[in-house]
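Below you'll find the structure, written out as structure tokens, and then a few comments.
Just so it is clear: chains get the letters A, B, ... in the order the sequence lines come, proteins before strands, and each one is counted from 1.
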Number of protein chains: 2
Amino acid sequence: MSFDARIRAAIEGDIRSGTLRPGNRLLSEHELAALHGCSRATVSKAMGALHRAGLIERRRKAGSFVADQHVHSAVLEVPDLAALIAARGHVYRWQLLSRRLSGSALHVEGLHHEGDTALALETRSIAIDTVPQAAQESFDTIAPGTWLLAHIPWTSARHRIRAAGASAAEARALGVAENTACLILERSTWRGDAAVTTVRQVFRGDMFDMVAHFEPSRT
Amino acid sequence: MSFDARIRAAIEGDIRSGTLRPGNRLLSEHELAALHGCSRATVSKAMGALHRAGLIERRRKAGSFVADQHVHSAVLEVPDLAALIAARGHVYRWQLLSRRLSGSALHVEGLHHEGDTALALETRSIAIDTVPQAAQESFDTIAPGTWLLAHIPWTSARHRIRAAGASAAEARALGVAENTACLILERSTWRGDAAVTTVRQVFRGDMFDMVAHFEPSRT
DNA sequence: TCCGATATTATGTCTAGACATAATAATCCA
DNA sequence: TGGATTATTATGTCTAGACATAATATCGGA
């Protein structure tokens with residue numbers, strides 16, 4: 001086991017066992033280096049990993065502190081629908097429902113099909129100020145998400161996940177009864193400070209779920 | 001801007017703009033160090049961040065490669081319900097519904113209340129082999145999640161998020177109509193290889209959502 | 001031709017320093 | 001006493017090496 005992993009495990013253990021409690025100060029990097037008999041760079045690497053995992057807070061001059069545990073973070077895998085459906089052994093198909101240019105936004109609506117059934121209804125708006133080439137795309141055979149992925153770089157994204165009953169229009173599009181429970185994924189992406197796209201996907205609740213993992217022990 | 005951030009931004013930009021495509025090999029760490037005029041350790045740090053962000057794959061001897069972009073990862077914040085409800089300005093309350101010891105598992109069922117309304121129905125089983133002290137707990141005033149957080153260290157967790165209509169029993173407990181759309185969060189936690197607890201929380205869809213962020217530019 | 005031993009290569013981990021930077025604590029002067 | 005200056009401290013970033021390790025490529029022999 002590497003020094004890095006050893007130091008992480010030691011501190012993580014102290015936090016989880018309650019030896020170190022939220023708000024407590026950890027030893028400084030110098031002290032930990034001396035304690036474990038390794039260099040400060042190695043300690044720093046371990047502390048960086050704990051920080052990313054949300055276990056500790058770090059402040060210059062003040063030191064490192066055990067973070068409040070009221071939230072914890074997990075890595076959410078946001079799948080590409082085409083790849084997901086292919087992995088399940090079905091045929092993926094995108095069906096364009098509408099496309100409308102309004103002001104500086106291009107609005108696209110369509111369905112993601114898994115084999116013969118509609119898996120998700122997508123309502124998207126694309127900022128043509130940020131992605132001017134999108135105005136030339138029909139999106140009648142390629143899904144806008146796939147196209148965007150290949151055409152413009154984005155730097156950050158925000159996802160919101162919730163559950164809601166299908167509206168009349170959504171139910172009709174998905175071929176389910178009105179008010180059927182659906183998982184709704186809303187995603188906004190930015191390139192720097194410029195908005196790129198906002199998408200709302202309504203999934204049939206019985207055919208889709210999302211998975212997230214948490215393992216602090218990742219370097 | 002630090003070398004680290006600069007190198008990350010350069011490679012990320014090449015990936016997102018399509019200059020580097022999935023499967024392409026990146027320059028080796030040595031070459032990148034020479035190119036950017038910095039040391040290999042700095043390059044390695046940048047590559048580590050890109051790897052954690054899921055943008056690249058790394059293989060010894062073979063090199064680093066642009067990852068397939070069919071999934072991308074985001075950081076999901078899994079809130080502690082008590083803290084979440086407090087932050088919303090309401091009073092949190094846990095109500096125990098049932099507690100039953102069966103074999104090597106302790107089954108606990110209860111409600112998380114936000115003020116006067118039930119926000120979530122929780123069904124949990126706790127492995128008493130891993131957490132023997134739990135057998136002595138009544139859980140009639142403290143929620144098992146809170147108790148577990150304070151009493152045993154866990155090392156990894158897996159979350160599954162989906163939508164479903166409330167069953168008759170769930171609807172009764174939450175005070176909503178049967179088949180109301182609910183967000184269902186199932187979480188299993190482990191301590192090393194030993195299972196700690198499995199919990200299923202059924203949330204009123206109209207009162208709860210989850211948020212996830214993605215920003216590769218985190219060191 | 002096939003197999004095993006060897007060399008090569010790129011990442012993984014680490015060291016023992018360095019200077020930068022931000023935040024706090026101490027000090028000194030008006 | 002109040003406010004501005006200075007010193008101190010811990011993290012943040014970086015260097016120029018080192019050895020370990022895993023995976024591949026190459027070469028020699030049966």
Legend entry - 4.5 Å side-chain heavy-atom contact, B:I85 and B:H90: yes
Legend entry - d(CE, B:M1; C1', D:dC14) in whole Å: 16 Å
Inset, instruction - Calculate the interatomic distance between B:L50 atom CG and C:dT11 atom C1'; express it in whole Å. - result: 15 Å
Inset, instruction - For DNA chain D, find the residues of residues 36-44 of chain B with a heavy-atom distance under 4.0 Å and give them by number; none if there aren't any. - result: B:G37, B:C38, B:S39, B:R40, B:A41, B:T42
Inset, instruction - Check whether any side-chain heavy atom of B:V131 lies under 4.5 Å from a side-chain heavy atom of B:T197, and answer yes or no. - result: no
Inset, instruction - Report the distance from atom NZ of A:K45 to atom P of C:dC14, rounded to the nearest whole Å. - result: 6 Å
Inset, instruction - Mind calculating the distance between NE2 (A:H51) and P (D:dA10) to the nearest angstrom? - result: 19 Å
Legend entry - Results of side chain to side chain donor-acceptor pair (under 3.5 Å) for B:R204 - residues two or more places apart only: B:D206
Inset, instruction - For this output row, return yes or no: ring centroids of A:H113 and A:W94 closer than 6.0 angstrom. - result: no
Legend entry - Side-chain donor/acceptor of A:T130 to backbone N/O of A:A195, under 3.5 Å: yes
Inset, instruction - Give a yes-or-no answer on whether the side chains of A:S138 and A:R99 include a donor-acceptor pair shorter than 3.5 Å. - result: no
Could you list all N or O pairs between the protein and nucleotides 20-24 of chain D that sit under 3.5 Å apart?
unit_1, atom_1, unit_2, atom_2, d
D:dT21, O3', B:R60, NH1, 3.3
D:dA22, O4', B:R60, NH1, 3.2

Legend entry - Stretch residues 27-34 of chain B: residues that reach within less than 4.0 Å of DNA chain C through a heavy atom: B:S28, B:E29
Legend entry - Non-hydrogen side-chain atoms of A:I126 and A:W147 separated by less than 4.5 Å: no
Inset, instruction - Please say which of B:I11, B:L55, B:I7 ends up in a side-chain contact (heavy atoms from CB on, under 4.5 Å) with B:M47. - result: B:I11
Legend entry - Heavy-atom neighbours of B:D140 CG exceed 12 at 6.0 Å: yes
Inset, instruction - Round to a whole Å and report the spacing from CG of A:L26 to P of D:dT9. - result: 19 Å
Inset, instruction - Let me know, please, whether B:S64 or A:F3 comes out on the 5' side of the other along DNA chain C by nearest nucleotide. - result: B:S64
Inset, instruction - May I have all residue pairs that pass ring-ring contact (aromatic ring centres under 6.0 Å, His included) and include part of residues 16-46 of chain A, sequence neighbours excluded? - result: none
Inset, instruction - Write out all pairs satisfying ring-ring contact (aromatic ring centres under 6.0 Å, His included) with one or both partners inside residues 182-203 of chain A, taking only residues at least two apart or from two chains. - result: A:F203-A:F208
